[in-house]
S.K.: 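Can you keep this structure in mind? I'll have questions shortly.
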Amino acid sequence: MKTSDEVRNFTVTADDDGIRLDRWFKRHLPQVGFGTVSKWARTGQIRVDGSRAKPDDRLSEGQQIRVPPGGDAPHKGPKPKRELTKAEIQQAEDMLIQQTDSALVLNKPPGLATQGGTNTFNHVDGLLDAYMGEGNEQRPRLVHRLDKDTSGVLLVARTPGSAAFFSKRFSGRSAKKIYWALVVGVPDIREGVIEAPLAKQPGSGGEKMHVDHEGGAPAKTKYRVVDSAGKKAAWLELQPLTGRTHQLRVHCAAMGHPIVGDGKYGGKDAFLTGSVSRKMHLHARRLIIDSPDGKLDVTAELPEHFATSMEQIGFDEKASDALPMRADPPPKSREEKKQQARQHAKTYKKSQRGPRRARGGTGGRPKGAGRKK
């Protein structure tokens, strides 16, 4: 937004309903620093519906914000839209599997990073300008990520408001994420929960995680064996109940069944013999999440190498529709526990009546005692 020498008036939109005043400035007037916002609020120059306002005040849709002149720092303005090549635009279009007013749902291919880093120039975040319409100043933004070699469902928010909405669902664990994985060997227990705390492995520069029962952060994964090929390999459904870095990869390796192609955590034991691809076989198959437009339930097709491996091993994709695995039953209340204990005691007493009678009836009195002769 350009520098202004006049008073500006804005109307709070539905997308900004409930956010703090200082966050509103960061979204819509990023060139106005927090210090300036605080000063204006302190001196009464910012008004919301004609009243003084504080930076942490929550806004409501339809309210009028009065912004005084000045305070702009043009060098902090939003970055211009990046010009993409035809190949990059095509790459972005090929990933898109669904869009709503609030979200873009992508099927990220393996080998493409979610965000940039050292010597990483081709990534999803760098392609998001392809989804901006003409005159649209709001750039889509990432709200979660997938590892570079993991494929599948990736959700992108189209507006700042929906980004905040989705971030809360992911952090609150209400989003259901179901992954497919091919692993080496077959777990003895066909369905269960892996609970193993994770921490960064010392000396790896934070690039590798390991199980750390003393100092690790809690990590929990549900798994189910969908099918198996002898003792050679298994096809798993995985549902992360926490969101630690490389969680599924470390947990599978920790139970002795590394994901096929994951040499980082499985070493040489992570590769199958024959013609099975050496790429990693971990795919975010399905995402179920609430959205401002209603519930989103999206499934992503397997990448070519994964689908080919499934066919070579003899697994039928139709054997799983990637439904969320059953949730743990809710904890019983104190009163329910008491009632259950009373019922158990009652059932136990009832079961003992027969044996007592067989032993001679009441009180354990000797047979024939008290009878008249």
Side-chain angles (χ1 to χ4, degrees), residues 82 84 87-117 120-133 138-181 221 237-249 259 261-262 279-307 321-322 324:
R82 178 169 166 254
L84 301 176
E88 288 174 322
I89 293 173
Q90 186 62 53
Q91 184 180 22
E93 291 177 352
D94 290 343
M95 288 193 293
L96 185 63
I97 53 178
Q98 186 172 331
Q99 62 180 326
T100 68
D101 290 340
S102 62
L104 300 167
V105 187
L106 313 180
N107 186 357
K108 188 188 83 65
L112 179 65
T114 303
Q115 292 175 291
T120 302
F121 306 105
N122 185 28
H123 47 83
V124 175
D125 191 41
L127 299 174
L128 295 183
D129 287 310
Y131 305 114
M132 295 173 64
Q138 294 183 326
R139 187 177 190 271
R141 54 191 70 191
L142 298 167
V143 289
H144 71 127
R145 62 185 297 273
L146 295 175
D147 292 342
K148 181 178 179 179
D149 293 320
T150 301
S151 56
V153 180
L154 183 68
L155 183 70
V156 179
R158 299 188 71 177
T159 68
S162 60
F165 183 96
F166 289 127
S167 294
K168 287 181 180 179
R169 271 66 194 171
F170 281 112
S171 62
R173 310 301 176 204
S174 64
K176 301 295 182 184
K177 296 178 285 185
I178 301 94
Y179 290 73
W180 280 2
T221 302
E237 281 179 1
L238 301 168
Q239 184 175 336
L241 303 181
T242 51
R244 310 302 173 197
T245 301
H246 297 174
Q247 176 177 314
L248 302 182
R249 299 166 63 182
I259 294 173
D262 188 9
K279 292 182 180 180
M280 190 159 72
H281 291 68
L282 179 61
H283 179 71
R285 173 66 174 179
R286 187 175 181 184
L287 173 67
I288 304 171
I289 188 172
D290 289 330
S291 83
D293 311 309
K295 187 175 289 293
L296 270 176
D297 186 345
V298 191
T299 300
E301 295 299 319
L302 289 173
E304 184 178 357
H305 81 277
F306 201 139
D321 53 6

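Since the model is a prediction, treat every value here as computed from it, not as a measurement.
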S.K.: What is the distance from atom CD1 of Ile288 to atom CZ of Arg286, rounded to the nearest 0.5 Å?
M.R.: 4.0 Å
S.K.: For Glu304, does the CD atom sit with more than 12 other heavy atoms under 6.0 Å from it, leaving out its own atoms?
M.R.: no
S.K.: Identify the two heavy atoms, one from Ile97 and one from Thr299, that lie closest to each other, and give their separation to 0.1 Å.
M.R.: CD1-O, 4.0 Å
S.K.: Roughly how far apart are His246 NE2 and Thr150 OG1, rounded to 0.5 Å?
M.R.: 7.5 Å
S.K.: One pair to check against side chain to side chain contact (heavy atoms under 4.5 Å, CB included): Gln138 and Arg158. What are the steps and the verdict?
M.R.: CA-CA 7 Å; Gln138 294 183 326; Arg158 299 188 71 177; over 6 Å; no
S.K.: Does the side chain of Leu154 reach to within under 4.5 Å of the side chain of Met95, using non-hydrogen atoms?
M.R.: no
S.K.: Output yes when a side-chain donor or acceptor of Ser162 lies under 3.5 Å from a complementary backbone atom of Ser102, and no otherwise.
M.R.: yes
S.K.: What pair of heavy atoms forms the shortest contact from Gln98 to Leu296, and how long is it?
M.R.: NE2-CD2, 3.3 Å
S.K.: State, to 0.1 Å, how close Val153 and Val298 come at their nearest heavy-atom pair, and which atoms those are.
M.R.: CG2-O, 3.9 Å
S.K.: Please report the interatomic distance CZ(Arg285) to CD(Glu301), rounded to the nearest 0.5 Å.
M.R.: 5.5 Å
S.K.: Applying salt bridge (Lys or Arg N to Asp or Glu O under 4.0 Å), run through Lys279 and Asp149 and close with a yes or a no.
M.R.: CA-CA 8 Å; Lys279 292 182 180 180; Asp149 293 320; over 6 Å; no
S.K.: Is the shortest distance from a Lys or Arg side-chain nitrogen in Lys108 or Asp147 to a carboxylate oxygen in the other one below 4.0 Å?
M.R.: no
S.K.: Do Val105 and Leu287 have side-chain heavy atoms sitting under 4.5 Å apart?
M.R.: no
S.K.: According to the ring pair (Phe, Tyr, Trp, His ring centres under 6.0 Å) rule, which pairs have a member within residues 151-170, sequence neighbours left out?
M.R.: His144-Phe170
S.K.: Go through Leu106 and Leu96 one step at a time and tell me if the side chain to side chain contact (heavy atoms under 4.5 Å, CB included) criterion holds.
M.R.: CA-CA 5 Å; Leu106 313 180; Leu96 185 63; 3.9 Å; yes
S.K.: CE of Met280 to CG of Asp262: how many Å apart, nearest 0.5 Å?
M.R.: 5.5 Å
S.K.: Salt bridge or not between Lys295 and Asp293? Use side-chain N to carboxylate O under 4.0 Å.
M.R.: no
S.K.: Grab the two heavy atoms, one from Arg141 and one from Pro160, that are nearest each other, plus how far apart they are.
M.R.: NH2-CG, 3.7 Å
S.K.: Determine the minimum heavy-atom distance between Val143 and Ala157, stating which atoms define it.
M.R.: CG1-CB, 3.9 Å
S.K.: Does the side chain to side chain contact (heavy atoms under 4.5 Å, CB included) test come out yes or no for Tyr179 and His283, once each step is laid out?
M.R.: CA-CA 5 Å; Tyr179 290 73; His283 179 71; over 6 Å; no
S.K.: How close do His305 and Pro110 get, heavy atom to heavy atom, and via which atoms?
M.R.: CE1-CG, 3.9 Å
S.K.: Please examine the side chains of His281 and Leu302, heavy atoms only from C-beta on, and report whether any two atoms are closer than 4.5 Å.
M.R.: no
S.K.: So how far is it from Arg169 CZ to Asp290 CG, rounded to the nearest 0.5 Å?
M.R.: 6.0 Å
S.K.: I'd like to know whether Leu142 forms a side chain to side chain contact (heavy atoms under 4.5 Å, CB included) with Val156, so could you lay out the CA-CA distance, the side-chain angles of the two residues, the decisive distance to 0.1 Å, and finally the verdict.
M.R.: CA-CA 5 Å; Leu142 298 167; Val156 179; 4.1 Å; yes
S.K.: Calculate, to the nearest 0.5 Å, the distance between atoms CG and CG belonging to Leu248 and Leu238 respectively.
M.R.: 5.5 Å
